[in-house]
Amino acid sequence: MPSVASDATTATLEPPGRPAARWLILAVICLAQLTVVLDNTVLNVAIPSLTEELGATTADVQWMINAYSLVQSGLLLTAGNSADRYGRKKMLIVGLALFGAASLGAALAQSPGQLIAARAGMGVGGALLVTTTLAVVMQIFDDEERPRAIGIWSSVNSLGFAAGPLIGGSLLDHFWWGSLFLVNLPVAVIALAAVVALVPESSSRSGALSAAGTPAAGTPASARPPLDLLGALLSMIGMVGVVFAIISGPMYGWLSGRVLISAAIGVAGLAVFALWELRIPHPMLDMHFFRNRRFIGAVSGGILVAFGMGGSMFLLTQHLQLVLGYGPLDAGLRMAPLAVTVILVNFTGLSARLLPRLGTPGLIVSGMSLLAAGLAAISLFGGAGYGGMLCGLVVMGVGVAFAMPTMANAIMSAIPPAKAGVGAGVNGTLMEFGQGLGVAVLGAVLNSRFAALLPLAAAGAGSLTAALARTRTAAERTAVHDAFAAGIGTSQLVGAAAVFLGGLLAAVLLRRAERTGGDAEQAATAPGAQPATAAAE
């Protein structure tokens, strides 16, 4: 049954004569979100052009790609807190403006340093957009429609990841590398105008939204709790350290000084952040949320869904190019069925219709089981050709469409409506962490298995290219390729097992939370947390 807050919000957000406004707002939000996701992958295809035209070194290219994700992941919690505090519409506007301005700077960059700085600026805008878009979805849709709305929002992520390399490759075939960023400008301008005209304002202190989309009378700015500046700094240090270690591990080695020092700084920063948040009266992230079994179940499942997706995308790219022999563009096209399946399932509302029948735990375990089954099918049947992989990709797509939006809805529902921005920050942070962890762990399994199966002539080689360079006969080259294919298959099976067990764990925790009323207990006991009804008063 919808909460009082949901009913109040829904009633106030649907002016007479415009009952479909919330879906138009969702379209605007998805447009803004799409630009953020595209820029996570679109630059990968431009590496040769950047090296040639800007004189970029390998280290420069790495920072051009990673500056965006590092800054974005480090600012997600802070961006979500800012949206709750100052207004989600305001922060959405600021995010779009920053993202558009930084995109223009990136397109006009004349040196590697300028492009790296512009990419970091895009990361700031991206952090604001990722958190505010999901927070606004939570505000404008009630309990009945929210699962389908989050499913559509989640589909945009899948579309962006799949379309990024394809769009990038098409643009580079006709224009210079700066066109990859210029395409963001019309999208940002259109989305900015639509946000100003359509999206209602809301914040943690404003209470319900008026029919005109303006905040009802609430707590004045002078009465707001103090900013948690130290918490924001600690969260940034912790997340940037951990994400940088995950990004650097496959390149420099997991036991290298760079990776170990970065990981130590990140873990220490997150530990101090947690201790600090427990001590202060007005924390940026209320750590008492982690006493809620529903929240813990959704968090654990969310990490493992992202783990499976991040790791599987990393492995599938290598599978298609290095095992089956496809080029980059052909490999991207052959991965598209995964994203297309996710989009079709979510836009038809299938997972939203199944949610009342299966419940949140049932739909999550079903989705994660399908994701695991798809990974296993690719491992077992995809080595001989694309046909076996195609079946696995479709099954994976259905699983992702079931599990990911349901998980996001569970995380957001476990947090009071006044903290929707922080909840979106937590969800985004989990996705970043889980995807990086998937690449790190499954990549390590791949390398270990590959090294163990190499023929004697190529023993000790650290990569497929290095191993092939040491071979002298066709039989040795075939043995190296077989060893790599076996490593890919083993790592996919490990990922499938982790995702399946994670689905069971998440379902058990969520089922227990439903039986014990964990949400009500958490809302009542967490310091500073507002009950759902309070948010609408």
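- Side-chain atoms of Tyr86 do not come within 3.5 Å of backbone N or O of Met91 as any donor-acceptor pair.
- Inter-residue side-chain proximity for Val187 and Leu34 is flagged as unmet; no heavy-atom pair is nearer than 4.5 Å.
- Within the 4.5 Å cutoff, the side chain of Leu233 has no heavy atoms near those of the Leu229 side chain.
- At a threshold of 4.5 Å between non-hydrogen side-chain atoms, the residues Ile116 and Tyr68 do not count as touching.
- Two residues are said to be in side-chain contact when any heavy atoms from C-beta on lie closer than 4.5 Å; Met396 and Leu375 meet this criterion.
- Between the side chain of Lys90 and the main chain of Ala83, no donor-acceptor pair closer than 3.5 Å is present.
- You'll find the side chain of Thr429 stays beyond 4.5 Å of the side chain of Ser73, heavy atoms only.
- With a 4.5 Å cut-off on side-chain heavy atoms, Val342 and Phe402 do not count as touching.
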Test log, rule side-chain contact (heavy atoms from CB on, under 4.5 Å), inputs Ile152 and Trp23: CA-CA 10 Å; Ile152 294 173; Trp23 296 105; 4.1 Å; yes
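- In this structure, Arg22 and Glu145 have side chains that are in contact, with non-hydrogen atoms separated by less than 4.5 Å.
- Between the CG atom of Leu442 and the OG atom of Ser491 there is a distance of 6.0 Å, given to the nearest 0.5 Å.
- For Trp153 and Phe347, the ring centers are positioned 6.0 Å apart or more.
- Side chains of Arg148 and Phe141 form no contact here, defined as non-hydrogen atoms less than 4.5 Å apart.
- Note that CG of Leu234 and CG of Leu285 are 12.5 Å apart. Values are rounded to the nearest 0.5 Å.
- Of the inter-residue distances, the one linking Leu98 atom CG with Leu129 atom CG reads 9.0 Å to the nearest 0.5 angstrom.
- The aromatic rings of Phe244 and Trp63 lie parallel to each other, their planes meeting at an angle below 30°, with 60° marking the opposite boundary.
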Check against side-chain contact (heavy atoms from CB on, under 4.5 Å), Val299 and Met407: CA-CA 8 Å; Val299 162; Met407 205 77 73; over 6 Å; no
